[in-house]
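Counting from 1, the numbers follow the sequence of the chain as shown. No hydrogens, no waters, no symmetry mates; every other heavy atom, side chains included, goes into these values.
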Amino acid sequence: MNSESKRWTKKELQVYILLLCANADSIETEEELKLIKSKVAADIYENIYYEFSGDSEEERLEKIDSSIQHHEYTIKELAELRREMYEIFFSDCEFKLMERNLDRIMDNIIY
């Protein structure tokens, strides 16, 4: 998603970020994906998952950074997004090193 591409909606960005969180340890569990799917319409999930699957880690972070800056999030919206990220991270009752690293990176992007 370069500057000429269409911008994601906040909901699409949410799904992309949550997919990144699910993939932080390189293992997307069925529980994590089910949780993400429960938050959005099936067509949005499928479109974003397809795009996410084709992107490199660097592309993923660049897209998120660009989209976060584009939207004007309230403090409440950012807090809710963080809560959902932790919901994904802790869905397996662990907070692994790769997830902690991604959490720090996302903290820098979001705030």
K.L.:
May I ask you to check whether Glu28 and Tyr49 show a side-chain donor-acceptor distance below 3.5 Å?
P.N.:
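Glu28 vs Tyr49: donor-acceptor pair found between side chains.
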K.L.:
With sequence neighbours excluded, tell me which residues meet side-chain contact (heavy atoms from CB on, under 4.5 Å) with Ile109.
P.N.:
Leu61, Ile64, Asp65, Ile68, Ile105, Met106
K.L.:
Considering residues at least two apart in sequence or located in another chain, which fulfil the side-chain contact (heavy atoms from CB on, under 4.5 Å) criterion with Glu58?
P.N.:
Ser56, Glu62
K.L.:
Please report the shortest heavy-atom distance between Gly54 and Glu59, naming the atom on each side.
P.N.:
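Heavy atoms only, the tightest pair is O-OE1, 4.1 Å.
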K.L.:
CG/Leu18 to CG/Leu81 distance, rounded to the nearest 0.5 angstrom?
P.N.:
6.5 Å
K.L.:
Taking all non-hydrogen atoms of both residues into account, name the closest pair between Trp8 and Lys63 and its distance.
P.N.:
CH2-CB, 3.7 Å
K.L.:
Ignoring hydrogens and geometry, is there a side-chain-to-backbone donor-acceptor pair from Glu51 to Ile48 under 3.5 Å?
P.N.:
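No, the answer is negative, given that no donor and acceptor are paired below the 3.5 Å cut-off.
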K.L.:
Checking Glu99 side chain against Lys96 main chain: does a donor-acceptor pair fall under 3.5 Å?
P.N.:
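Present.
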K.L.:
List the atom pairs, with distances to 0.1 Å, where a side-chain N or O of residues 38-46 and a protein N or O form a donor-acceptor pair under 3.5 Å, not counting sequence neighbours.
P.N.:
unit_1	atom_1	unit_2	atom_2	d
Ser38	OG	Leu35	O	2.6
Lys39	NZ	Glu87	OE1	3.2

K.L.:
Please step through side-chain contact (heavy atoms from CB on, under 4.5 Å) for the pair Ile110 and Met85, ending with a clear verdict.
P.N.:
CA-CA 12 Å; Ile110 290 175; Met85 290 170 60; 3.9 Å; yes
K.L.:
Salt bridge (Lys or Arg N to Asp or Glu O under 4.0 Å) with Arg82: which residues, sequence neighbours excluded?
P.N.:
Asp103, Asp107
K.L.:
Quick check: closest heavy atoms across Tyr111 and Ala79, and the distance to 0.1 Å?
P.N.:
OH-N, 4.5 Å
K.L.:
Is the shortest distance from a Lys or Arg side-chain nitrogen in Arg60 or Glu57 to a carboxylate oxygen in the other one below 4.0 Å?
P.N.:
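So Arg60 does not pair with Glu57 through a salt bridge.
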K.L.:
Between OG1 of Thr74 and NZ of Lys76, what distance do you get to the nearest 0.5 Å?
P.N.:
7.5 Å
K.L.:
Look at the rings of Phe52 and Tyr16 and say which category their plane angle falls in: under 30° parallel, 30 to 60° tilted, over 60° perpendicular.
P.N.:
perpendicular
K.L.:
Minimum heavy-atom separation for His71 to Leu13, with atom names?
P.N.:
CD2-CD2, 4.1 Å
K.L.:
Kindly write out the residues that satisfy salt bridge (Lys or Arg N to Asp or Glu O under 4.0 Å) with Lys10, not counting sequence neighbours, or none if the list is empty.
P.N.:
Glu77
K.L.:
Can you measure from CD1 (Ile88) to CG (Leu102) and round to the nearest 0.5 angstrom?
P.N.:
12.0 Å
K.L.:
Using salt bridge (Lys or Arg N to Asp or Glu O under 4.0 Å) as the criterion, list what pairs up with Glu31, not counting sequence neighbours.
P.N.:
none
K.L.:
Roughly how far, to the nearest 0.5 Å, is CG of Leu19 from OG of Ser53?
P.N.:
7.5 Å
K.L.:
Considering residues, nucleotides and ligands other than Tyr50, do more than 12 of their heavy atoms fall under 6.0 Å from its OH?
P.N.:
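Open: at most 12 neighbouring heavy atoms sit under 6.0 Å from OH of Tyr50.
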K.L.:
Looking at Glu12 and Arg7, is any side-chain nitrogen of the basic one under 4.0 Å from a carboxylate oxygen of the acidic one?
P.N.:
no
K.L.:
Rounded at 0.5 Å granularity, tell me how far CD1 in Ile27 sits from CE in Met98.
P.N.:
10.5 Å
